[in-house]
2 protein chains.
Amino acid sequence: MARQNTVFKEAYNRYAAALRTDTALPSEPEIAAQLGVSRSTARAILTRLSEEGIIRWNKRQKTVLRQPTDRDLFPSEETDSLHDIIERSFMQRILADDAAPGMQINELELAREIGTGTTSVREFLIRFSRFGLIEKRPNSHWTLKGFTREFALELADVREMFELHSAAEFGRLPKGHQAWADLAAIRDDHHAMLADINQRFRDFSVLDERFHLLIHRASKNRFIADFYDAIAIVFHYHYQWNKTAARERNERAIHEHLDYIAALESGDQAAIEKACRAHLHSARQTLLQSLPQMASESG
Amino acid sequence: MARQNTVFKEAYNRYAAALRTDTALPSEPEIAAQLGVSRSTARAILTRLSEEGIIRWNKRQKTVLRQPTDRDLFPSEETDSLHDIIERSFMQRILADDAAPGMQINELELAREIGTGTTSVREFLIRFSRFGLIEKRPNSHWTLKGFTREFALELADVREMFELHSAAEFGRLPKGHQAWADLAAIRDDHHAMLADINQRFRDFSVLDERFHLLIHRASKNRFIADFYDAIAIVFHYHYQWNKTAARERNERAIHEHLDYIAALESGDQAAIEKACRAHLHSARQTLLQSLPQMASESG
DNA sequence: ATTTTGTTTTTTATCTACAATAAACATTTT
DNA sequence: AAAATGTTTATTGTAGATAAAAAACAAAAT
């Protein structure tokens with residue numbers, strides 16, 4: 001097959017789940033815009049909804065006849081994009097314990113195991129290479145560099161440079177800027193989580209990502225933004241398979257965040273730098289402690 | 001065709017050009033290592049050299065019969081890798097005056113113009129996207145973000161963060177480290193160029209790249225190294241098509257480099273930071289002045 | 001025993017083809 | 001006339017095939 005219609009299926013599920021009986025649906029371009037797909041795909045969704053008897057569709061008349069059930073939706077395996085499937089499968093492999101640094105990565109083998117063509121795997125690896133975890137030897141194989149202590153330290157160094165820069169920029173945003181409102185909302189979310197920390201400490205990583213993303217956006221620098229995207233993805237998988245998210249550690253991070261937020265709100269650059277450094281220092285420790293303890297390797 | 005044998009042709013040219021009549025050639029693995037290719041390719045080269053009557057080859061006996069002439073070599077169009085061809089062609093297009101920011105990039109059209117398949121173009125664009133000059137909308141086209149003032153400023157900001165870091169690290173290298181010898185050599189090259197500046201100011205960009213690369217290697221950080229690779233490529237093409245390399249500007253940069261080198265050699269961190277900042281500030285100005293003067297545009 | 005050469009297998013780089021999706025164009029409706 | 005729908009075209013995403021190049025294996029020579 002040339003291409004799976006996962007865009008259609010995923011959007012269909014999303015749209016069907018939001019339907020309410022007896023409501024009238026908007027125009028095709030509007031539906032397309034809501035779903036973030038082209039009108040062609042929106043029409044394909046309407047066509048299927050109509051065929052399934054979920055809506056009555058006649059030109060501009062689009063009425064919801066019945067509420068779709070779970071059986072009307074496509075199973076989740078069919079809605080994942082190939083890129084996501086490859087990413088998950090690949091991350092699982094390289095974060096697994098038996099994936100030793102220096103290991104060769106074979107495109108064809110990977111493709112076969114995932115059940116996909118080599119082109120997609122190649123393109124994924126090229127995109128993924130910017131995270132610094134793999135490296136290519138021209139005309140030859142990819143090499144796994146691995147989630148090592150060196151990687152963590154290099155990542156942390158750049159992260160600190162970027163975040164100090166972004167935090168300083170954040171402190172210079174004009175008082176009316178939307179970011180201040182967003183920051184206040186995140187501050188409140190921190191307080192809410194802290195109030196129920198025993199139940200909710202596992203949700204911290206999502207809040208953490210939201211907070212740092214907000215800070216980095218203040219820098220308006222594409223390289224910083226891209227780097228943070230990379231960090232977020234790597235951390236997402238890393239912490240998913242390395243459940244070292246101790247309650248105490250997250251609680252401490254929340255307090256650091258609150259200090260950091262207070263410093264930002266004060267507008268005092270020296271205070272911002274101090275709070276930012278304090279948090280980054282402990283984030284670095286957390287990252288290093290999450291690594292498997294091994295003898296330092298040459299390489 | 002599945003794949004051009006450009007690796008073979010390029011290596012053949014390289015090896016043939018270095019042959020001297022009546023000398024004996026080393027073993028196959030050694031030739032392969034010298035050329036940086038596999039033994040299969042090395043054997044293909046020996047086979048052709050033998051067929052062309054340039055060498056006599058019998059197992060371990062490999063004697064050069066005659067000096068290869070220019071007519072024995074493959075023409076340069078046949079030795080360029082597809083990646084290089086696409087890169088040159090693409091850079092030429094996006095740095096051309098009519099390439100307006102926001103322009104769509106069409107994979108198929110690009111492939112047709114370059115005379116190549118779409119896969120190679122796609123892979124090139126994916127790799128190239130990390131430079132921040134183009135951006136992809138999923139399931140849709142690439143967009144040219146362009147070599148704009150914003151791009152230059154964002155690049156300069158990150159460059160400054162990284163170089164301050166690397167310079168500080170450089171200053172901490174132990175006295176016996178190879179980098180100090182390399183630095184001394186580069187210092188002498190600066191003095192030599194300065195002595196004949198009227199003739200040689202055009203060669204400065206090569207020296208400049210060599211100098212900054214040496215500094216960045218001290219950081220031993222893959223993200224910093226990768227970023228500098230990106231900068232080097234972008235600048236390479238940018239300055240090639242924008243000949244703003246005024247003699248005065250390069251001369252001033254050489255003096256800044258010499259101050260910077262002296263500071264590094266002094267080991268005084270405050271002096272290093274000061275000299276580094278001074279040079280980076282003027283490098284930023286040079287970059288900004290090399291851009292077409294335009295009204296600041298909205299995003 | 002190690003290195004070199006000879007031979008075969010594996011893997012990558014690249015092309016072509018085609019379904020899904022987006023985008024453009026044409027017609028109809030308000 | 002502006003926006004919606006209907007229809008057609010262009011472009012992307014992915015699979016599969018194949019030559020080049022690398023790598024592995026086997027035999028021979030030092």
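The base of D:dA23 sits within donor-acceptor range of the side chain of B:S40, with an N or O pair under 3.5 Å. A donor N or O paired with an acceptor N or O is not found under 3.5 Å between the base of D:dA19 and the side-chain atoms of B:R3.
At the phosphate of D:dA22, neither OP1 nor OP2 sits under 4.0 Å from any side-chain N or O atom of A:H141. Contact between the side-chain N/O atoms of A:K62 and the OP1/OP2 oxygens of D:dT5 is found at a separation under 4.0 Å. Side-chain N/O atoms of A:K136 include one lying less than 4.0 angstrom from OP1 or OP2 on C:dA13. Using a 4.0 Å cut-off, some side-chain N or O of A:N106 falls inside it from OP1 or OP2 of C:dT12. Applying the 4.0 Å criterion to OP1 and OP2 of C:dA22, one finds that A:S38 has a side-chain N or O inside that range.
Residue contacts shown for B:S27 are limited to sugar-phosphate atoms, with no base heavy atom under 4.0 Å away. Backbone-only engagement by A:I105 is indicated by non-hydrogen atom pairs under 4.0 Å involving sugar-phosphate atoms exclusively.
With DNA chain C read from its 5' end, the first of the two nearest nucleotides for A:S140 and B:N139 is the one closest to A:S140. Residues A:T6 and B:S81 both approach DNA chain C. Their nearest nucleotides, taken by heavy-atom distance, put B:S81 toward the 5′ side.
Under the 4.5 Å side-chain criterion, counting only non-hydrogen atoms from C-beta, A:I114 is in contact with A:I86.
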Its contact letters, B for base, S for sugar-phosphate only and - for none at protein heavy atoms under 4.0 Å, make nucleotides 25-30 of chain C read ----B-
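Contact check of residues 109-124 of chain A against DNA chain C (heavy atom, cut-off under 4.0 Å) returns A:R122.
Classified by interplanar angle (parallel below 30°, tilted 30° to 60°, perpendicular above 60°), the ring pair A:F162/B:F162 is parallel.
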